[in-house]
Amino acid sequence: MSMTDIFRSLGRADALKLREEAYSLSGTQIIDREHSVPAFDPQKDYSAWPAGAPVTDEGQVWLLIQPHNASNYADRPSSLRALWGLAHTTDPKKAKPWVNAHGTSGVYMTGECYKDADGTVWRCLQDNTVYDAATWPEGWEMAE
Amino acid sequence: MVMGMLELKYISHDTAYKVEFELVKRNIVRLVGDIPADTSGFTLSRIGYDDRWDHSGFKTVYRKGDGFIEYSNDGSTHVEPEPQPETDPIPSEPSHEDRIAALEAQLAAYEAAYQEGVNEA
């Protein structure tokens, strides 16, 4: 087995392990292990995946809410918010761009961060925040 | 050192040959001209003179070539140097930058393989 094969096997094993454990992990813990999160595949059948399993897409980490076959849908997680939830992190160094919440899905909780278009990282000061720092400054503080 | 055109006479006979004379080494002389080889030694004179400079000790044909003969006065003869076997050039050591670039490429390949595995899962 070549080193390339070993790394490929390692990547597969890490991804499967994270998928199994994801339901019990926070968004911060999952984003910490983002290197083991597979990219969203619009042709993939996610029917057998457990709820909470993560994928990456459009610079975000999405968590499976409702197992489904993606090939039956024309959209991707950012447009399929009933099927995919958004993971947030409290680690400013791994903060991701702002995404509007969808109902209760994707709301920011205290301590969670996002990075704005200027690169400024904001830390949420109140649970269930749905507005960004530009719209609701008192709900946020600069994280770094 | 080339002496210009001179007249050579071998000790063994009286025929005169026009030659150019050159001292190759202390014990080797070169005679350039249309002359036969002879191992009796020779004398040299300026053209039209009877100098008879003594070179009777140069009796050994050191080397014979196209239009020249070399004589030695110590019995030595020319030995062609053995051809040196061709050796592969010593590969040059890669530079520090080359090593870093190679390592980075290797790491990138491993990262890509890891990511392939993640996406296959």
Side-chain angles (χ1 to χ4, degrees), chain A residues 1-23 25 29-64 67-71 76-77 84 87 94, chain B residues 1 22-28 30 32 60-70 72 74-121:
Chain A
M1 180 180 274
S2 70
M3 285 298 288
T4 302
D5 291 336
I6 290 171
F7 274 91
R8 184 180 291 112
S9 297
L10 188 61
R12 178 178 166 79
D14 285 353
L16 290 173
K17 187 168 189 293
L18 176 58
R19 186 178 306 160
E20 287 177 11
E21 298 173 352
Y23 75 95
L25 301 177
Q29 290 171 314
I30 292 172
I31 289 175
D32 267 348
R33 292 161 65 178
E34 188 174 351
H35 57 276
S36 301
V37 177
F40 171 73
D41 180 352
Q43 299 303 315
K44 197 174 187 73
D45 185 355
Y46 292 99
S47 299
W49 283 35
V55 296
T56 58
D57 195 45
E58 299 180 298
Q60 302 286 342
V61 173
W62 302 90
L63 307 175
L64 184 63
H68 63 283
N69 186 343
S71 65
R76 50 200 326 128
W84 295 98
K94 298 187 176 178
Chain B
M1 181 175 65
E22 181 180 349
L23 183 63
V24 178
K25 292 180 183 175
R26 193 164 56 87
N27 60 317
I28 300 170
R30 171 179 290 195
V32 179
T60 305
V61 177
Y62 179 80
R63 179 166 60 170
K64 195 168 188 294
D66 186 18
F68 73 90
I69 298 174
E70 291 174 350
S72 70
D74 60 359
S76 62
T77 57
H78 178 72
V79 178
E80 288 289 339
E82 294 220 357
Q84 296 294 315
E86 285 194 17
T87 54
D88 292 334
I90 298 171
S92 59
E93 283 283 309
S95 69
H96 183 64
E97 290 74 16
D98 288 344
R99 287 180 181 172
I100 290 175
L103 283 172
E104 286 177 342
Q106 198 170 34
L107 283 174
Y110 293 157
E111 284 179 4
Y114 181 92
Q115 201 57 51
E116 283 177 17
V118 167
N119 289 332
E120 286 169 5

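Letters go in sequence order (proteins before strands), and every chain restarts at 1.
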Counting distance alone, with no hydrogens or angles, which donor-acceptor pairs between chain B and chain A are under 3.5 Å?
unit_1 : atom_1 : unit_2 : atom_2 : d
B:Y114 : OH     : A:D14  : OD2    : 2.6
B:Y114 : OH     : A:S36  : OG     : 2.8
B:E116 : OE1    : A:R8   : NE     : 3.1
B:E116 : OE1    : A:R8   : NH2    : 2.8
B:N119 : OD1    : A:A39  : N      : 2.7
B:E120 : O      : A:R12  : NH1    : 3.3
B:A121 : O      : A:R19  : NH2    : 2.9

Q: Go through the atoms of A:V55 and report whether side chain, backbone, both or neither lie under 4.5 Å from a heavy atom of chain B.
A: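 Nothing of A:V55, per the 4.5 Å heavy-atom cut-off to chain B.
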Q.
Tell me every residue that passes salt bridge (charged side-chain N to carboxylate O under 4.0 Å, His left out) with B:E93, counting only those two or more places apart in sequence or in another chain.
A.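 B:E93 satisfies salt bridge (charged side-chain N to carboxylate O under 4.0 Å, His left out) with B:R99 once adjacent residues are dropped.
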